[in-house]
Amino acid sequence: MTTRPIRMLGDPVLRSPAAAVTAFDAALRDLVRDLFDTLDAEPGRAGLAAPQLGVAARVFVYGTRAGRGHLVNPQVAASSGGQIGDEGCLSVPGLAFPTPRALEVTVAGFDERGEPVTVTGSGFLARALQHECDHLDGVLYMDTLTGDVRRQALRAVRAAFPPTRRGL
């Protein structure tokens, strides 16, 4: 079991779009295993993207009651409906805010061996899939907030993270 430290808000890798995976090899399978090991290290985690481990690759894992798996080079293929629910992030610990997301999503990508994979989820799984896809584009959930909720989130981030670490 290999768990890795999670990169925190302010680390530039979290704000940079991740590169597409081109080699479906043993190194990719090791990364997926490390992502799962790190995800599973503490209960309550729903997903983890490679940039959160400092790896700028388009890979993430997810694990909710509705499903568990991984996606390489994922793209949101379809979305519908809307939901608002509290959302947090392992890279911004201790904070959670009501975040708008699609109620249902379909995400298409590949598995660790290069085989096509499509995942359709609703509710919490849809939220997790969207959250992790955003990480691969250098987007944090707080970036999607608006109005009073965004102002509240920014105040909380300023209080919790030193100015050199925020990157907002």
I'd like to know if Asp137 and Arg58 make a salt bridge, using a cut-off of under 4.0 Å between side-chain N and carboxylate O.
yes
For Ser122 versus Glu104, what's the shortest heavy-atom pair and its separation?
CB-CG, 3.6 Å
With sequence neighbours left out, what residues match Asp86 under side-chain hydrogen bond (donor to acceptor under 3.5 Å, both in side chains)?
none
Passing candidate, side chain to side chain contact (heavy atoms under 4.5 Å, CB included) with Val61, options Thr38, Leu48, Asp34
Leu48
In terms of heavy-atom contacts, Glu112 and His70 come closest through N-NE2, 2.9 Å
On a heavy-atom basis, which atom in Arg45 and which in Leu39 lie closest, and how many Å separate them?
CD-O, 3.2 Å
Taking side chain as C-beta onward, heavy atoms only, is His135 less than 4.5 Å from Leu140?
yes
Could you tell me whether the side chain of Met8 reaches within less than 4.5 Å of the side chain of Pro93, counting heavy atoms only?
yes
Find out whether Gln52 and Cys89 are in side-chain contact, i.e. whether some heavy atom of one side chain is under 4.5 Å from a heavy atom of the other.
yes
Atom CD of Glu87 and atom OG1 of Thr144: how far apart are they, to the nearest 0.5 Å?
6.5 Å
Shared hydrophobic cluster, Ile6 / Val13 (ILVMFWY, side-chain heavy atoms < 4.5 Å)
no
Under 4.5 Å between side-chain heavy atoms, counting indirect links through other Ile/Leu/Val/Met/Phe/Trp/Tyr residues: same cluster for Tyr141 and Leu14 or not?
no
Minimum heavy-atom separation for Val107 and Cys133, please, with both atom names.
CG1-SG, 4.0 Å
Of all residues at least two apart in sequence or in a different chain, which pass the side-chain hydrogen bond (donor to acceptor under 3.5 Å, both in side chains) check with Thr64?
none
Show the nearest heavy-atom pair for residues Val149 and Pro98, with the distance to one decimal.
CG1-O, 3.6 Å
Given Thr106, which partner from the list Val76, Val119, Leu129, Thr120 fulfils the side chain to side chain contact (heavy atoms under 4.5 Å, CB included) test?
Thr120
Are Leu53 and Tyr62 connected in the hydrophobic side-chain network, where two residues link if heavy atoms are under 4.5 Å apart?
no
Non-hydrogen atoms of Leu103 and Ala126 that approach each other most closely
O-CB, 3.4 Å
Just how far is it from atom CG of Asp134 to atom CD of Glu132, taken to the nearest 0.5 Å?
9.0 Å
d(Arg150 CZ, Asp143 CG) to nearest 0.5 Å is 6.0 Å
Mind checking whether Val21 and Leu136 sit in one hydrophobic cluster, side chains of I, L, V, M, F, W, Y counted as touching below 4.5 Å?
no
Mind checking whether Leu145 and Gln152 have side chains closer than 4.5 Å, heavy atoms only?
no
Compare all side-chain heavy atoms of Phe36 with those of Arg68 and state whether any distance is below 4.5 angstrom.
yes
Side chain proximity check, Arg4 to Leu31, heavy atoms < 4.5 angstrom
yes
Less than 4.5 Å apart, any side-chain heavy atom of Ile84 and any of Pro100?
yes
Do Val55 and Phe24 belong to the same hydrophobic cluster, where Ile, Leu, Val, Met, Phe, Trp and Tyr are linked whenever their side-chain heavy atoms lie under 4.5 Å apart, directly or via other members?
yes
List the steps, then state whether side-chain contact (heavy atoms from CB on, under 4.5 Å) holds for Ser91 with Leu9.
CA-CA 6 Å; Ser91 294; Leu9 180 66; 5.7 Å; no
